[in-house]
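As the structure lists them, so they are numbered: ligands from 1, and atoms in each ligand from 1. Residue numbers count from 1 along this sequence.
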Amino acid sequence: MRKKIKSFIKFFKGRIKERLLILLLLLPILTFILNLLFPLPDNKSYSKEIYSKDGTLLTAYLTEDDKWRMYCRIKDISPDLIKAIIYKEDKWFYWHFGFNPASIIRALFSNFIEGKRVSGASTITMQLARMLEPKERSYSNKIVELLRAVQIELYYPKDKILELYLSLLPYGGNIEGVKSASYLYFNQPPSRLSLAQSVALCVIPNNPNLYRIDKNSEGVIKERNHRLKYFQKAGTFGSADINDALTERLKPNRYPVKLTAPHFCNFINQNFSGREIYTSLDLSIQSKAENLLWNYVRRAYGRNITNGAVLVIKNDDLSVAAYCGSADFYDKNALGEVNGIRAVRSPGSTLKPFLFAQAFNSGAYTPKMKLLDIETDFNGYVPENFNLKFNGEVNLDFALINSLNVPAVSLLSSVGLNNFIALMEKGCFQTIIKDKNKLGLSIILGGCGVTLEELTRFYTIFPNGGKLYNLNYLKGNPVDEKPVEIFSESASYMISDILSQNKRPDLPNESGGYQIGSTKLPKIAWKTGTSYGKRDAWAIGFNPDYTIGVWMGNFDGKGSPYLSGAEMAVPLLFDLFNSIDYNPENKWFKKPDALLEREVCAETGLLPTRFCKSLTLDYFIENVTHNNLCNLYKETYINSDSTIEYCPDCLPEKYIKAAYPDYPPELELWFQENGIKYKRHPRHNPECEARYSGKGPVILSPSENFEYLVEEKSGEKILLRAAPDAGIRTHYWYVNDKFYEKSSAGKGIFFKPKKGKNKITCMDDKGRDKTILINVKYF
Ligand SMILES: [Zn+2]
Ligand SMILES: [Zn+2]
């Protein structure tokens, strides 16, 4: 040892200047090697924090080592607290390089010469080194700390060092850092701490297990006031401020970490990583939505409706403004922890607008065209309307506004089930994608599964000109640059227009239709839905600013006779719009340039011919919508008093020409059954020998090629019924080529089928026939 020291001295006794220079040159290399050998410990994890759009903490999560350790940014901490800490711990923090030689010498002097144990030689940086790598207190460890402090100073700017220090200060129990302490002891953000609270947080780390605010608030006050008086003497803070702070009380509390918008936070926590997540949630909208939902559900409780969910999306950036997964997260009986926004439910009629938009978008349909609304057998599927009534024939817009089921199913069968399912795939309806091979025409009446999130997001295509964007859950995220174009602007506008003509539940006007100027309530477009068995009530609405989805029901799947979209969900939807988006000017969408209006035949919605007497205005999309002429009326030959019709084969010398409507046989039958007068063809010339060349009977029941399941012992029979052409009186029925029975044209009769294939033939009194096959299985 002595030898070594001697040679060291000898080294310096030589050419001192040169050797010092070499040492100086070697120092950085030495530091570099030391740094590689002993990297800075980086073992602290921080609490994940979730914030609303305005920067309010929604919730935070324990770290992996079960600590409340929220990272402290300087800008988020009260300047009083930072000043108090620096003045108490390390006045020269911003000037030194990790250690303070003057205080070290003073401490050494005190320890050795005066025999006192004086602390205070530790700078904030050295204390940080100890917090990053806790060690026993000894002189050698103190030197390690000192080296570490230099290393930290080399690594980080001063503010970062201070942030780490503030984040790691101990506050008793599992609380670390001034931010966690501020939320857990004072229930407020660290930017809003008072001087008294700041100084309290500055003294607690001296002995965090003794000075627990929740257990020993008196002790904390005593220590705090001691420090306040010291600051008063030193002039660190204004004397008046200190006098106020001295009288401030300290509640012995420990608050739980709050959990605002719990379903939203859980969703964010599961789907997004990061230490501080600033979300799109708008707290003022969220709290309005929560209150309204809770009030509605509370009132519905007596009707066995125990839950609901609300999703509010801002249309311009697709940001999620409010997210209520259930009425009360903590209501165990109502399964409040289930997230109703992501639960798979039957959508009832809420998918209908997408089908109608698809029909308009293709150019094959317009709002004033007609669909049959008559009991119809779609290959064994016989849908009913909500009110169990039929309307014969309706416009598309009427069918959508009134949510008629038969027209929707027949439109779907015309658009094509696969085309509609492909549309749903574009809309990312996950359960529909999964089940697509099992779905039938009933999908349009809710025979499928969707979530409120999928549904509400897909509705945003209407206010967004037919484009589908990704939802934005984070604050300030740029709008999705590659939206999927689902429909044209024109098709979207037509749907918005039709859905805004719904009858408003909050207006006394019974005639239906929204009247601008009659009220200051916001104009919105909306659609309701009620699932089979009354298990789900839906209402999805939008205006230019927001799209809002509402669901009401029970998470255990129970139905209630009161559950209907119009009665349970629509009033809540309107209250939400009225409180979130007060829109006195009734802003609405601008009609796209490609969407034009034209006169069409009121009876068919097709372009009028000279026979069409009644006209109406209808939308059409330039260069997209068809230009089909109305084909309802056809000219025929009749006698002068319109009692006999002729065909070319029996045309006498004297005749006149007249136009008669050719309604579909089913509709004509419906007119007759419901006593509705219509312009009927006169009887065909009874003396005509020529075989009539009309369409012949149309078999309405049974369904062609359908497999019927019949219970063997039930004696169940199958209906035979056909729609006749004009002037036909009798139908003759044959089963398996044997005459069975005759019926008056259009009336039904029954027969008992045999097992296996049954051949059914219907012949009318003009001798025209139609044959179908059905398959019958007995069980
Ligand atoms: Zn016409
Ligand atoms: Zn004839």
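For residues 631-653, every residue pair satisfying the ring pair (Phe, Tyr, Trp, His ring centres under 6.0 Å) rule, not counting sequence neighbours, is listed here: Tyr637-Tyr655.
The atom of His684 nearest to the Zn ion (ligand 2) is NE2, with the search restricted to N, O or S atoms.
Counting only distance, with no hydrogens or angles, the side chain of Ser488 and the backbone of Ala491 share a donor-acceptor pair below 3.5 Å.
The pair Arg721-Glu673 meets the salt-bridge criterion, since a charged nitrogen lies less than 4.0 angstrom from a carboxylate oxygen. Between Lys591 and Asp497, no side-chain nitrogen of the basic residue sits less than 4.0 Å from a carboxylate oxygen of the acidic one, so the salt-bridge criterion is not met.
Of all protein N/O/S atoms, those under 2.8 Å from the Zn ion (ligand 1) are Cys601 SG, Cys612 SG, Cys630 SG, and waters are not counted.
Every residue meeting the salt bridge (Lys or Arg N to Asp or Glu O under 4.0 Å) condition with Lys368, not counting sequence neighbours, appears here in chain and number order: Asp397.
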Pairs under 3.5 angstrom only: tabulate donor-acceptor contacts from the side chains of residues 700-709 to other protein residues two or more places apart or in another chain.
from: Ser701; atom 1: OG; to: Leu719; atom 2: O; distance (Å): 2.8
from: Ser703; atom 1: OG; to: Asp377; atom 2: OD1; distance (Å): 2.7
from: Ser703; atom 1: OG; to: Asp377; atom 2: OD2; distance (Å): 3.1
from: Glu707; atom 1: OE1; to: Asn775; atom 2: ND2; distance (Å): 3.3
from: Tyr708; atom 1: OH; to: Ser703; atom 2: N; distance (Å): 2.8

